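Accompanying notes for the structure given below.
Only a predicted model underlies this, so the values are computations on that prediction, with no experimental measurement involved.
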Amino acid sequence: MKNLLFAIYVSTLLTLAACTPPDLMPDDSGGVDVFEPLPKPECPADEFHWQPLRAAGETAFAETEAVRALATFDDGSGPALFVGGRFQEFGGVAAANIARWDGESFTPLGEGLNSAVFALAVYDDGRGTALYAGGEFTVAGGVPSFFMARWDGQSWSTLGESRCEELTASDCALAGGVAQQAGTTCDMLACPNAPAEACCASSFGASAECLEIPRDICNEIGGLPLGSDTFCATSGCDAGEPSACCLSTGTCTDASSSACTVLGGLSLGSGTQCASVDCSDSETTACCMPSGLCTDVVASACLASGGAVLGPDTRCADDACPDVSTRACCLNTPLNGPVTAMAVYDDGDGQALYVGGVFDTAGSIELNNVARWDGRTYTPLGEGTAGAVFAITVYNDGRGNALYVGGAFPIAGTATVNGLARWDGENWSALNQGLSSAVLALTVQTTESEDFLVVGGAFEIAGGVEANRIAVWDGNIWASLGDGLDGSVSSVVIFDEGDGPRLFAGGEFSAAGDGVDASNVARWDGQSWSALSGELDGSVSAIASFGSESDLSLIFAGEFTQADGEDSQRLARWTCNAPDDEPGDPAADAP
């Protein structure tokens with residue numbers, strides 16, 4: 001999946017560059033001062049320095065591949081910094097790809113996630129405020145959860161399209177849904193957010209594990225659905241040792257008797273093994289199963305499964321099961337690809353979580369890399385984007401708040417946008433001529449007179465202005481920030497060290513402005529670029545402020561292993577605390 005994302009990213013960058021108008025010429029608009037007062041720490045700016053973010057008493061760091069996302073949130077245990085990325089351990093504790101830092105130590109979030117986290121956001125879907133994680137994972141807390149998951153402080157839950165349709169049992173099964181009892185209608189039934197049934201989620205036999213998950217997800221992980229309205233408390237995945245089971249195809253598989261029955265097979269009893277059994281002699285017949293599906297099985301297997309035998313020489317291709325009545329069908333299907341960006345936005349219909357990444361659909365819903373999640377279902381934003389989305393934020397350009405989406409795409413909806421697009425709730429529009437390459441980071445700076453959208457990425461031109469990897473948009477024109485950076489910018493944030501707000505940019509670069517040495521992080525004061533004392537020896541993926549005013553710091557995350565020559569575990573704090581200071585109360589920075 002990691003290689004796939006990289007390939008998509010590179011190919012889309014090339015496409016985007018090819019779509020950039022050839023006559024884009026730089027202008028001399030220069031930098032702009034885009035700052036206003038912010039909360040600031042209670043210490044002088046010249047005392048800021050690097051500190052590794054580590055648990056008390058920790059001296060050696062575990063191997064951690066990368067940290068990709070940061071968010072502050074109180075999950076019921078107090079305000080904390082949540083860290084997502086690709087790792088298996090943090091602060092001396094096992095923490096699969098996501099961990100919680102309370103200012104003193106790291107703790108895991110349940111069983112964690114089975115693959116990388118790329119984005120974190122805090123959102124209330126009506127059930128209370130929770131932490132949402134997006135990435136390339138497919139399991140959260142031991143439960144299948146494709147690319148998105150919700151942490152409420154106690155456990156993980158899945159997200160997906162949830163709706164009820166009245167279908168025949170066979171059509172419901174083909175759509176990946178869970179058919180309800182015969183005679184039920186959607187008026188009678190509110191499908192749960194994740195319609196579940198008992199699923200044997202590992203190999204058949206004594207080692208099978210039972211999970212209550214949607215049928216389509218059970219099928220995705222190669223499991224065995226045990227039918228609607230079944231529960232793990234009453235449905236064992238093991239009804240004895242595996243025995244020979246003759247399937248409708250004439251093949252034999254070793255399965256428990258219950259698994260064999262659900263498969264429509266004929267269990268040959270305890271002590272039998274496929275190695276000594278020939279199932280190919282069994283003549284099959286069309287069988288109407290209790291679910292309403294027709295399957296070709298031997299008559300004894302049909303009867304053992306509670307089915308109706310349609311007679312000798314019948315086949316499902318020729319005979320339809322007589323029960324074609326519709327019933328309520330609960331459909332629940334997640335996104336089909338990784339999530340790389342999230343933002344909360346109220347489009348007039350209430351707050352919703354907007355997600356972007358590299359995905360096409362959620363079940364039958366066509367999304368194209370960006371979607372709106374309201375706590376129940378995904379909905380599209382028009383025709384979406386023609387390429388990956390890496391950044392989302394909300395910005396008011398004078399016409400009211402709108403959603404701004406950045407990434408590696410030349411088109412959004414039907415508009416040519418070149419990497420950055422505005423969604424007003426109904427239509428996509430471009431920001432002048434857009435960018436010459438991908439957008440990777442967005443933030444907003446508010447002043448007394450107007451707001452500015454700060455944009456970072458891999459581009460060199462913004463709307464005809466030379467703007468090396470970083471630029472600002474005021475709603476009408478683009479402007480550069482001096483000479484910019486000599487490499488890509490992955491994160492931008494505003495922070496006041498005590499002598500006025502500054503823009504901090506992180507990414508993969510070595511110089512800022514007019515030849516200022518700046519290893520992967522630099523600071524813009526409204527007129528010129530400067531470096532932070534001491535360097536980070538690897539790229540920066542995310543930056544966030546954390547702590548109270550007495551301990552307000554900037555947290556940097558990425559792939560670096562050292563901060564100012566001191567060992568670091570992909571996390572470092574830019575702080576004015578003395579090295580031996582105890583962390584303060586982080587409550588002031590919690591959402």
Exercise for review: For Phe459 and Ser436, run side-chain contact (heavy atoms from CB on, under 4.5 Å): C-alpha distance rounded to whole Å, both residues' side-chain angles, the deciding distance at 0.1 Å, then the answer.
Suggested key: CA-CA 5 Å; Phe459 54 86; Ser436 61; 3.6 Å; yes

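- A donor-acceptor pair is defined here as one N or O able to donate and one able to accept, closer than 3.5 Å; such a pair exists between the side chain of Asn97 and the backbone of Phe87.
- The minimum heavy-atom distance linking Gly84 with Val67 is given by the pair O-CG1, 3.5 Å.
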Check your understanding: Yes or no on side-chain contact (heavy atoms from CB on, under 4.5 Å) for Leu120 and Tyr132, after CA distance, side-chain angles and deciding distance?
Key -> CA-CA 6 Å; Leu120 295 170; Tyr132 284 74; over 6 Å; no

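- Contact record, Ala563 with Trp50: CB-CB, 4.0 Å, taken as the closest heavy-atom pair.
- Summarising the geometry, atom CG belonging to Leu53 is positioned 4.5 Å from atom CH2 belonging to Trp101; distances are rounded to the nearest 0.5 Å.
- Looking at heavy atoms from C-beta onward, Val355 lies in side-chain contact with Met148 at the 4.5 angstrom threshold.
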Exercise for review: Determine, step by step, whether Gln562 and Asp564 satisfy the side-chain hydrogen bond (donor to acceptor under 3.5 Å, both in side chains) criterion, reporting the C-alpha distance in whole Å, the side-chain angles of both residues, the deciding distance to 0.1 Å, and the verdict.
Suggested key: CA-CA 6 Å; Gln562 290 192 331; Asp564 194 19; over 6 Å; no

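- Distance check: Thr393 OG1 to Tyr354 OH gives 13.0 Å after rounding to the nearest 0.5 Å.
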Check your understanding: Which is it for Phe556 and Val521 under the side-chain contact (heavy atoms from CB on, under 4.5 Å) test, yes or no, and what are the steps along the way?
Key -> CA-CA 9 Å; Phe556 289 78; Val521 59; 3.2 Å; yes

Check your understanding: Does the pair Trp574 and Ser533 meet the rule for a side-chain contact (heavy atoms from CB on, under 4.5 Å), with working shown?
Key -> CA-CA 10 Å; Trp574 181 244; Ser533 61; 3.5 Å; yes

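- In this structure, the side-chain contact (heavy atoms from CB on, under 4.5 Å) partners of Glu383, at least two apart in sequence or on a different chain, are Thr414.
- Between Ser519 and Glu535, the side chains place a donor N or O and an acceptor N or O closer than 3.5 Å (distance only, hydrogens not considered).
- One N or O on the side chain of Asn468 and one on the backbone of Asp483 form a donor-acceptor pair closer than 3.5 Å.
- Ring geometry for Trp373 against Tyr378 counts as tilted: the plane angle lies between 30° and 60°, on a 0 to 90° scale.
- Side chains of Leu571 and Phe106 form a contact here, defined as non-hydrogen atoms less than 4.5 Å apart.
- Side-chain atoms of Trp524 do not come within 3.5 Å of backbone N or O of Gly482 as any donor-acceptor pair.
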Exercise for review: Show your working on side-chain hydrogen bond (donor to acceptor under 3.5 Å, both in side chains) between Trp151 and Asp75 and close with a plain yes or no.
Suggested key: CA-CA 8 Å; Trp151 172 257; Asp75 65 358; 3.3 Å; yes

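- More than 12 heavy atoms of other residues, nucleotides or ligands shown are found within 6.0 angstrom of CG on Asp346.
- Residues Ile470 and Val455 have side chains not in contact (no heavy-atom distance under 4.5 Å, counting atoms from C-beta outward).
- Taking 4.0 Å as the cut-off between side-chain N and carboxylate O, Asp424 and Arg399 do not count as a salt-bridged pair.
- The CH2 atom of Trp423 sits 13.0 Å away from atom CD1 of Ile392, with the distance rounded to the nearest 0.5 Å.
- Side chains of Ile543 and Leu554 form a contact here, defined as non-hydrogen atoms less than 4.5 Å apart.
- Between Asp397 and Arg422 the shortest heavy-atom distance is OD2-NE, 3.4 Å.
- Across all their heavy atoms, Asp360 and Asn336 have their closest contact at N-OD1, 2.9 Å.
- Counting only N and O atoms by type, the side chains of Thr158 and Ser145 include no donor and acceptor under 3.5 Å apart.
- The pair Arg502-Asp496 does not count as a salt bridge, with every side-chain nitrogen at least 4.0 angstrom from each carboxylate oxygen.
- Checked by atom type and distance alone, the side chain of Asn418 pairs as donor or acceptor with a backbone atom of Gln433 at under 3.5 Å.
- Put simply, the side chain of Asp537 never gets that close to the backbone of Phe560: no donor and acceptor are under 3.5 Å apart.
- Within the 4.5 Å cutoff, no side-chain heavy atoms of Phe504 are placed close to those of Val492.
- Atoms CZ and OG, on Arg469 and Ser490 in that order, are 12.0 Å from each other to the nearest 0.5 Å.
- Here the side chains of Leu453 and Tyr404 are in contact, with some heavy-atom distance below 4.5 Å.
- For the pair Thr138 and Asn114, the minimum side-chain heavy-atom distance is below 4.5 Å.
- Residues Arg523 and Ser530 bring a donor and an acceptor atom of their side chains to less than 3.5 Å of each other.
- Using cut-offs of 30° and 60° on the angle between ring planes, the pair Phe495 and Phe48 is perpendicular.
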Point to revise | Chi angles and distances behind the side-chain hydrogen bond (donor to acceptor under 3.5 Å, both in side chains) call for Thr385, Asn368 | key: CA-CA 6 Å; Thr385 65; Asn368 293 326; over 6 Å; no

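- Between Ser115 and Glu136, the side chains place a donor N or O and an acceptor N or O closer than 3.5 Å (distance only, hydrogens not considered).
- When every heavy atom of Phe82 is checked against every heavy atom of Leu131, the shortest pair comes out as CD2-CD2, 3.5 Å.
- Closest approach of Glu508 and Ser539 over heavy atoms only: CB-CB, 4.0 Å.
- Looking only at distances, a side-chain donor or acceptor of Tyr123 sits under 3.5 Å from a matching main-chain atom of Gln351.
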Exercise for review: Evaluate salt bridge (Lys or Arg N to Asp or Glu O under 4.0 Å) for Glu559 paired with Arg570, printing each intermediate quantity in order.
Suggested key: CA-CA 5 Å; Glu559 297 184 355; Arg570 319 295 182 177; over 6 Å; no

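- Atoms CD and CD1, from Gln445 and Ile494 in turn, are 4.5 Å apart once rounded to the nearest 0.5 Å.
- Checking side-chain atoms of Trp478 against main-chain N and O of Leu431 turns up a donor-acceptor pair under 3.5 Å.
- Of the possible polar contacts, one joining the Trp156 side chain to the Leu109 backbone as a donor-acceptor pair under 3.5 Å is found.
- To the nearest 0.5 Å, atom CG of residue Asn401 and atom CG of residue Asn396 are 5.0 Å apart.
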Check your understanding: Could you go step by step and tell me if Ser510 and Asp486 meet the side-chain hydrogen bond (donor to acceptor under 3.5 Å, both in side chains) rule?
Key -> CA-CA 7 Å; Ser510 59; Asp486 71 345; 2.7 Å; yes

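- No side-chain donor-acceptor contact under 3.5 Å links Arg68 to the backbone of Thr340.
- Panel note: side chain Asn520, backbone Gly538; a donor-acceptor pair is recorded below 3.5 Å.
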